[in-house]
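A quick write-up on the structure given underneath.
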Amino acid sequence: MMMTENPERGDGVRPVLSVRDLTVQVATTEGGKTVLDSLSFDLRLGETLALAGESGSGKSMTALAIMGLLPKPMARITAGAIRLGDRDLTELTETDYREIRAKRIAMIFQEPMTSLNPLMTVERQLCEVLLAHEICSRRDAPKRALQLLKDVRLTEPERRLKQFPHELSGGMRQRVMIAIALACDPEILIADEPTTALDVTVQAEILDLIRQLQHVHGTAVLMITHDMGVVAEMADRVILLREGRQEEAAPVRKLFAEPRTAYAAALLAAVPRLGEAPERPAKPQAQKLVEVDDLTVRFDVTGGLLNRTVARLHAVEGVSFHIRAGETLALVGESGSGKSTIGKALLGLVPWDGSIRIDGQQTQGRSRSAMRPVLRKIQMVFQDPGASLDARMTVGDQVVEPLKVHGLAKGSELTDRAEWLFRRVGLSADMLKRYPHEFSGGQRQRVCIARALSLSPQVIVADESVSALDVSVQAQVLDLLQELQDEDALSYLFISHDMAVVERVADRVMVMRLGQVMEEGRRDDVLHDPRHPYTQRLLSAVPVPDPTRVRQTVDVAIGKEPNSPIYPVGEHPDRFALEELKAGHRVALPD
Amino acid sequence: MTGYLIRRLFESALILLGITFVTFVLLYLVPADPARQIAGRAATAATVANIRDQLGLNDPLFIQYFRYLSNLFQGDLGRSYMQRAEVSSLIASRLPASLLLMVSAIVTELIIGLTIGIVAALRRNKPVDHTLMIFSFISISAPQFVIGILLLYVFAVQLGWFPIGGYGTFAHLVLPSITLGLLGAGWYSRMMRSSMIEVLGQDFVRTARAKGLSKLRIIIRHVMPNAILPIIAMIGIDIGLFMSGIVVVESVFGWPGIGQLAWQAIQRVDIPVIMGVTMVSATAIVLGNLLADLVTPLIDPRIKTK
């Protein structure tokens, strides 16, 4: 389907939804805290309005307030009006609101994995909404449900109807969520970070689907997102929120071209853009710190009589690479590509086969205690800094715990060391006695980095270490990692799904798919001159934070079932041979 | 599925075999002499020795154990030392009464426990919730014989609504079932409450609300089935808890079940009966767990029986 580009769409058309001076307060132990402050906007027929902002900006609160789904009794609307036609939604009773939800305003959520009832088939979850609003008779409901699945272009819709959510991939589940949302043909669709939890190629498909359905049904879309790439791809107009207040409201092109407020300008500047990262400095050919040869990680899938192994998940299959001192190797790929497993194998956190040498020392077959000297050289920083810190231990204790475990320091030496580490990652030493919940997300990740640095490692495995952070914070943490590398010649294995971030930090890039290397080479070779179709697809799916660009339609096979890395015992995936195109640029050959 | 069932039954048999060994050894180590009990206080040493010899109690432990096992495999649980009857027929005559009591106690505890749990969760942190949780706390902590006697005193002695003891009609069943079920009801109400609260906060419940479904439908179709899953596994474990409760409750209410049989046998060191009752209750526990594991995948499609 061809999309017509009309940036001014929505102008002068009557609003379907008017929000006026909307104020939401959340009860805290210190009294009411205003999380949304006098927000006003109109959503016009057929347009896409993006509510953008970083975490805590109140964008999700706005969506929930419109749906009447604010978590009671913690949050409540203290002032303002939400007008849908001639009705003020803030004055509706719960019973009246049921007539609005799904029928006139529908919503899709961030987490497709948990947003569907695990115990009900897709069909029942679809029919339920049809019957609740008397869209059709009980007899016709299954037929209508099937049509809805066809509308959202789910493959094998007849079979999907009978399936349970856990049998579907994340992208498929989000399609089902969209089908449910569109079941009653609502005037307004609220999409709350609908693609944040999805792989980038799936994200492109879902965004494309929303655009096309909007075109067909004339639905007004309120798009809630933190991702300026998604904003540029989807929105006609943007409202930028910050700490519950409107910071700037503008048509999308205007906002990107000439932001009026300093905050908008700073936010847009912090957004990593693929293709705009500065050159990486040329580095001397230092010694190889990490040498991995023919690494294979398989997990047994057990079942049957006496729990025999019935199948194997080939998480990593014959992967070889090296990282030099002071170099950053980025590992990219979609979920299930085995990139995190490689990081874990390097630290001996999963059983593996093959050869891993860290600073010349073979780690194959080492016992836990024999692994310790190796672990002093290689440490890890995880994705979720909230979950990877102990909530009941002061951050100071956590940062020096590795030193105690390895018996490298004690007493006042520990305190000195902790202070030094804290200053190193840009935190002040008087924060040492605090607990993780007293820190922001970015500060917590700094604590995690300090902990990883405590043993003075030569290699750090950073597994999606900045993915959970807001862009402005993300940029700061990336700067810190760069500083550490410049000062100490640290090597990074940087695992990420975000191509734009990878471009900023990587010297070399390795693209993984289903446990195998698809392409590997210097950053510019892989990202700017990709040779493997998979790399090309990954790169083309990345949303570009530039609204003037012609919006892409996706040419990937729609809703295609992902290949599975699970094989019966005795069977192996075909290993791709890598062809060296030029020095250091290797590409998997098609089989 | 069939493969899974065979594997589980095989495992269950192994567990039961282990239990026979442990129980047998424990009873062998008991200092009381069954022969002395049978012979009575006035008997001479010669008579006691004679009885010991007849019962084969002088044989080494493992010979006694294998004799017991080979009889067991032929369906022979032995003869009671004290009552002139086969253990199997003693148990068979008592089992129906105990099973009846157990089933009705399970129904009672589920009805009381789940209702309280659901109501408390929906009225979380309100006075109703606090009151119900105090009730459940009491029902967990009060000893069963105290509850039994209290119920007897109020409803049988004072009000005369139910018979004081015995067996036969539905009225006889009410007080023992409540006494036995109240403990479980306390546990289930707490589990159901926290399980409900957890499910109420799940994303799919928000989706259900966004669909414009009625509150009742959301609770019944979306929240309850998900909240009840962890409870099912509990019911299997619960049967073990019942076995100890049943001894107390049957004594208090004069209920002619295997609990009473066990109580009498323990007092008189009637080893074949103790072994028999232990085996029956062990089988009940093992089967109860098996049943719970078989029912769960019927409700939860994510769990596949392997």
Side-chain angles (χ1 to χ4, degrees), chain A residues 63-64 66-69 71 73 94-121 124-126 128-133 162-167 173 176-177 180-181 183-184 186 190 192 301-308 310, chain B residues 1-14 122-126 129 195 197-232 293 295-306:
Chain A
L64 292 175
I66 294 170
M67 285 299 277
L69 292 177
E94 184 64 23
T95 320
D96 288 336
Y97 231 125
R98 293 210 321 257
E99 287 301 307
I100 304 291
R101 294 185 192 133
K103 206 168 182 179
R104 301 191 60 189
I105 311 177
M107 185 162 174
I108 54 178
F109 300 94
Q110 173 167 0
E111 276 296 337
M113 306 314 265
T114 53
S115 291
L116 291 166
N117 186 336
L119 306 186
M120 283 166 79
T121 59
R124 275 180 59 197
Q125 305 199 41
L126 269 167
E128 187 177 52
V129 67
L130 292 170
L131 296 174
H133 296 284
K162 307 292 174 206
Q163 283 183 311
F164 289 94
H166 72 278
E167 298 172 87
R173 288 186 216 190
V176 172
M177 281 299 292
I180 289 173
C184 307
I190 301 177
D192 187 359
V301 180
T302 59
L305 208 58
L306 305 170
N307 263 331
R308 281 167 313 180
V310 291
Chain B
M1 183 68 195
T2 329
Y4 174 76
L5 195 63
I6 293 170
R7 180 163 66 91
R8 288 297 307 264
L9 285 172
F10 178 69
E11 283 173 5
S12 305
L14 275 184
L122 296 178
R123 294 276 174 276
R124 182 172 17 148
N125 293 335
K126 301 232 168 82
D129 178 22
S195 186
I197 288 173
E198 197 195 314
V199 175
L200 280 167
Q202 298 274 315
D203 289 346
F204 63 81
V205 175
R206 189 182 54 187
T207 306
R209 291 185 66 200
K211 281 171 161 183
L213 304 181
S214 70
K215 201 165 183 184
L216 189 67
R217 193 183 164 86
I218 293 173
I219 304 279
I220 291 175
R221 295 301 289 274
H222 291 272
V223 182
M224 272 165 55
N226 279 284
I228 215 156
L229 285 175
I231 312 274
I232 293 172
D293 288 351
V295 169
T296 315
L298 296 182
I299 303 176
D300 190 344
R302 288 166 298 185
I303 298 172
K304 290 229 171 66
T305 50
K306 298 180 233 148

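Residue numbering restarts at 1 for every chain, and letters A, B, ... go by the order of the sequence lines. These numbers were taken from a predicted model, which means no experiment stands behind them. Keep in mind that the numbers below use all heavy atoms, side chains included, and drop hydrogens, waters and symmetry copies.
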Note: vs chain A, highest number of non-hydrogen pairs under 4.5 angstrom among B/G212, B/A208, B/G201 is B/G212
When every non-hydrogen atom of A/L69 is compared with those of B/A210, the smallest separation belongs to CD1-CB, 4.0 Å
Please check this pair: side chain of B/T207 against backbone of A/S115, looking for a donor-acceptor N/O pair closer than 3.5 Å. yes
Cut-off 4.5 Å, heavy atoms of chain B, and the answer for A/I100 is neither
So, the part of A/M113 with a heavy atom under 4.5 Å from chain B: the answer is neither
- Determine whether B/R209 and A/E94 make a side-chain contact, defined as any pair of heavy atoms from C-beta on separated by less than 4.5 Å. yes
Query raised in the report: So, do B/K215 and A/R98 sit near enough that their side-chain heavy atoms are less than 4.5 Å apart?
Result: no
message: For B/R217, I'd like to know if atom CZ has over 12 heavy atoms of other residues, nucleotides or ligands within 6.0 Å.
response: yes
Closest non-hydrogen contact found for B/N226 with A/P118 is OD1-CG, 3.4 Å
For B/F204 and A/L116 the tightest heavy-atom approach is CB-C, 3.4 Å
Ranked by heavy-atom pairs below 4.5 Å to chain B, first place among A/T121, A/L119, A/L131 goes to A/L119
Result for side-chain contact (heavy atoms from CB on, under 4.5 Å) between B/K211 and one of A/K103, A/Q125, A/R101 points to A/Q125
Per-residue tally against chain B (heavy atom, under 4.5 Å) across A/E128, A/M107, A/Q110, A/H133 peaks at A/E128
Whatever's closer than 4.5 Å to a heavy atom in chain A on B/R221 counts as both
